[in-house]
Structure formats: C-alpha cells, structure tokens
Amino acid sequence: MTVASKRAPRSAAGLSDRALAGLLLLAPALVLLVLVAYPSALAVLSSLFHVDFVTGARRSPGGANYLTVFTDPAIRAATWRTIAWSVGNLAIQVVAGVACALVLNAGLRGQTLARGLVLFPYMVPAVVATLIFRYLFNDVTGLVNYLSQQVGLIDQPVNFLGDPDTVLPTLILVNCWKYTPFITLIVLARLQTVPRSLYDAARLDGAGRLALFRSITLPWIAPSLLAAALLRTIWTAYDFDLPYLLAYGGPVDASTTLAIQIRKVAFDQQDIGLASALSVCFAILLVAAAVPYVRSFRRSEQWMR
Amino acid sequence: MTAAPATLVRRLVTVAGWNDRPGAPAASGGPGPKRRRPRGAFRLGQYAALAVILAMVDLPLLWMVLTSVRPDQDIVQYPPQLVPRSLTLDNFRTLFADGAFTRYLVNSGLLAVGSTVVTLVLGVFAAYAVARFGRRFRIARWFGELSLLAYLIPGILLLVPIAQLVNGAGLANQPPVLIVLYAAHMLPFAIWVLRSYFRGETVDLEEAAMVDGCSRFGALRRVVLPQALPGLVSTGVFVFNMAWSEYMFAATFLTEQSKLTLSVGVSNLLDETGVNSWGLIMAAGVVTVLPPLILYVLAQRRLVEGLGEGAVR
C-alpha cells in the first residue's frame, strides 16, 4: 500500500502528483481569486477614490470617503443600530439556544422528533420567514396583535413593523426565531459528549441541579458555544436578507443597519467610493468584535486541559 | 502560545459544520442507562418547556400552511378564526394560473441545482487535492487554509465590488454568473466538509484499489466518492438551500421579470398584493419552503443510514 502512495510520481494519465494537485486546484482557485480576493482588493482601492457610478472610472482621490464614514450622522445611527441588532440577537439566541438544547437533551419522550422539528426554521428561506411574520405581525388581521389584545398585553393594535419604535425589536425576534436553532444544534451535539462520571462525582459531593449546570455543563459547552456565538455574531451583524425583506430598512431608517446602509449608499446614492470605504471600516469592526470571543475561547479551552 | 488565525478559523468552521452530520445528534441521543430520571414537578416543567418551544418554533409555519388553504373571505375575518371553517386549493390554483410564479420556481430550481453541482465538483477537486497533497505541496496546504478565511468574509462586504465587476463586464441578468458566485461563496465550506471524508480509511481503500490496477481517477470514482457520499449529500443540501434562498445578490443582478428567482419574485408579490390576499401569499410561501424542508428531511435519513453502515469513521 505504501508503495503506491510514496513512490508513485506518475499517477493519472502520466501526470506527476504535483501537476495533478495544481490541475485540481486550478478552477477552485480561479473562482475564489476572481470572486473573493479580487473584489476584496477592489473594495479597498475604490474606497480611496470617487468612483463614477455609470462608467466605474476612478476619479480624484477621495480620502474624504473615510472622513464621511466617521462624520455622517446616518452612518453613525446605522452603526448604533447594528450594535443593538447584533447584541440583542446574540443575547437572546445564546440564552434561548442553550435552554432549548438542555430541554432537548433531558431524555423526554418524543425527543428525536422534537429535535428534528426544532431545526425547521433554520431551513426556512428568509423570504418565507418574511411572509409569515409580516402576516403574523400586521395590525389589521395579525394573530400576534389579536392574541396580545386577548391576554391584555396591549390595548390597541400595534403596527409592529411599521412603527419606528417597535420595528427593530420585532426584527430581532424574527431573526432569533430563524437562527436560534443553529446555537441549539451545536450545544446539543456538545452536551452529548459530557462524561457522565463528572456528574456522578459532583452528585456524590451533594451538588444540586444549578450547581451541576454551572460547574460542569456550562464550562463543558463553553468552547462550542463561544465559537458558535462568534460565527453567529459575524453572520448577524452583516446579515442583509432577513432585516431588509421584513422592513426595507424603514420606517424612516429605523431598521437601517450598516449592511443595509452600504447597499443604500452604493445603489440609491450611487456613491461607490463611500460604500467601499464603509465596507472596509465595517470589516475592521468585525475583527475588533472577534477579539473578546477569541480570548474567552482560549480561556475556556484551557479549562478543558 | 498564539494559535495561527487559520487554526482558529478551522476550529470555528468545524463547529459551524454541524450539518456535516445532521443526523448524528438525533441518532445518538438519549439518556444512558445509568442516568437518573428526574420525576415529579421538575419533569412536568421540562415537558411544558418542550411544548412551549415547539409551539413557538413550528406554529408560525403551521399558520402559514393553514392560511394558504383557506378562502380569502375567511382569512380577513376579525377576530381571526383559529380553526378553519372551509378549506380550498384556490390560492394555489391562482398562484400557478399566472405563469410568473412558475417561472420563478423554475429559475430558482435551475439556479440551486446548478450551484450545487458546480460547488460539489469544484469542492471535490479542491478537497481531494488538499487532503492528498497538502502534506507534500505547500500550495495545496495554503489553499486549504486561505479558503477557510474566505468563508468568513460576509457577502455584503463584497456586494459593491462584485457589482462593479459584474456590471462592468455587462453580465447582469445572466443566471450563470450567480451560479459561480454562489459556488465561490460555498466552496470553502464544501472543501472543509469533504476533505475530512477523503482522509483516514479512505486513503487505504483508495491505495488498495490502485494496487489492484485502478487508475487514480478510477479509484476516485469507485472508492473515494462513494465513501464520501454522506459528506456530498450534506454539503449539497446546504448549498442548495443557500442558493434557493439567497436574496441580496439575486435582487442586485437579476432585474428582468423573466429571470427573477423565488426570493425576489415572491417578495415583489408581497409588496404588490400582500394586504389584499394573504392566502395567495401564504401559498407562495408554502411552495417556496417545501424543497428545502423536504431535502433536509430526506438528507437526514440518508445520513443516518450512511452512519449506520459504518462506512466512514
């Protein structure tokens, strides 16, 4: 067997392994270069110029783009909204995701079926989630308004997606509906690897349920949870489809996050240079946001050793 | 000691690659025999919690299905009728009577299938090269690491330059552009999932086949790919769903009415008719959500089977 692997310079059709590796990687590398690497570089380049929207020609250096990013009130407002959107989403998704995973791992009857059902929203296209929740939250026939009024939560119908005060919290709830299953699934997989002996030993020491969770379960799931939370933070902060489809950034910009702002600047205001500068700054923000996660991720992994 | 960024990213993607085996948690769960079963009030509370979770998660979907099969005059009743009084398929008939929706459905189907095929083919090439030659050739190793970094770049950050690129080349309204775009987006994920299937036992089997006279491509086709089938299926489902659901790039690059996908077409439909005919809108939602859900359910079973056969790992 080793004969074939170590001393077979010629493999398929007389190609050397090196040529074969290069040949196999050619198309994938080309695709990633043209559609990821080159656009990344182009964004940095465009951010330094005023770019003509129609011809794409770069004119006059535009260091002012970056100045605008930091002074424009609309961009500043969108930045705060993005932070509120991301923090709100993550706080709810982490807590709800862990809670769901614990319930689904408790050995209840119908557990396997429940696990399958809980994952459904993650598979639902953003546009379908939009249809469902625009219907549920509408202020004329919407079920949410009806039920909330029935139980006395509100006195009058609320236009959840049409009121600047309620639109962002509503978007966060819908987003949590769709994406909490991701956290649940990862935590669930991790929960199944907790060694029973740890619990048994702690129980002998007289630990209660809460103590078991805090001293064993939580530290055990922490690395997976943190990694999942980091990914979700990135994907949530930059998410476009769901918030845009639900409210198109409105009413009066009340749900315009940076992702939506970038598109608006680029295609409505037709300012490619500014949109690129905003993208570059937003990318840097991503790296900054990742640092605390990476730190606690390492700390939580050390606990494992 | 500082982990190289790529190492961390790799760990993250391992976690993100949960759908590597969606069947696994469901298949292996359950309490061990030694586990103490809690009783009484706490147990009851757990069941109540499960009921609340399932209601919150799945009732919105159920409400969509229910609304789609009710006549409009029932839907606009207030207070809403929680239990349907009469059922009808009229909404679906209306939906398909006008050819536009069928057009969107076909477009989305072609786009999703095309993206899946392209991603899987390129993914198999790259993952095979990285798994087999990564140890010997630096280029293959670097490709494996760098492609993972590419996975973390959010689409919105590339929207503007890609739009410059596509519109500059006069390629707007060309669906194949979106196929390649989706493939580029999902390729790193595909490589990551697939390469784990190209290692371990598979290498021995492949080498045995080559000693027995198989060419490398013959061994790839007869030995390696069948071994990697669960990985191909789960990656395929994931790519299909992404391409089927994507809105931002599709809305930017497809503007001709006859080229629209479901995501774009259905959201337009909502803006045009939503308030008047929720039944029609919900019918569109049901049709749109079915392929991803069916695929998920089918693939989950396939994966559990694959694991049961003990083919890989």
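All chains are named by letter (A, B, ...) in the order of the sequence lines, taking the proteins before the strands, and each is independently numbered beginning at 1.
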Among [options], single out the residue with the greatest number of heavy-atom pairs under 4.5 Å to chain A.
options	answer
B:Leu50, B:Asn241, B:Thr288	B:Leu50
B:Ala140, B:Pro161, B:Ala183, B:Ala219	B:Pro161
B:Val286, B:Leu158, B:Ile139	B:Leu158
B:Ser267, B:Ser245, B:Pro60	B:Pro60
B:Leu122, B:Leu157, B:Val124	B:Leu157

Derivation and outcome, ring pair (Phe, Tyr, Trp, His ring centres under 6.0 Å), residues B:Tyr182 and B:Phe249: CA-CA 9 Å; B:Tyr182 292 158; B:Phe249 283 108; 7.3 Å; no

Around atom OH of B:Tyr247, are there more than 12 heavy atoms from other residues, nucleotides or ligands closer than 6.0 Å? yes

Is any side-chain heavy atom of A:Pro157 closer than 4.5 Å to one of A:Gln149? yes

At a heavy-atom separation under 4.5 Å, does A:Val31 approach chain B through its side chain, its backbone, both, or neither? both

A:Leu35 versus chain B, heavy atoms under 4.5 Å apart: side chain, backbone, both or neither? both

Residues 257-267 of chain A, side-chain donor-acceptor partners within the protein, below 3.5 Å, at least two apart:
| unit_1 | atom_1 | unit_2 | atom_2 | d |
| --- | --- | --- | --- | --- |
| A:Arg263 | NH1 | A:Tyr244 | OH | 3.3 |
| A:Lys264 | NZ | A:Asp253 | OD1 | 3.0 |
| A:Lys264 | NZ | A:Asp253 | OD2 | 3.2 |

Below 4.5 Å from any heavy atom of chain A, which atoms of B:Leu54 appear? Answer side chain, backbone, both or neither. side chain

Got a donor-acceptor contact below 3.5 angstrom from the A:Arg115 side chain to the A:Leu104 backbone?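 Yes, A:Arg115 side chain to A:Leu104 backbone: donor-acceptor pair under 3.5 Å.
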
Would B:Tyr104 and B:Asn268 count as having a side-chain donor-acceptor pair, cut-off 3.5 Å? no

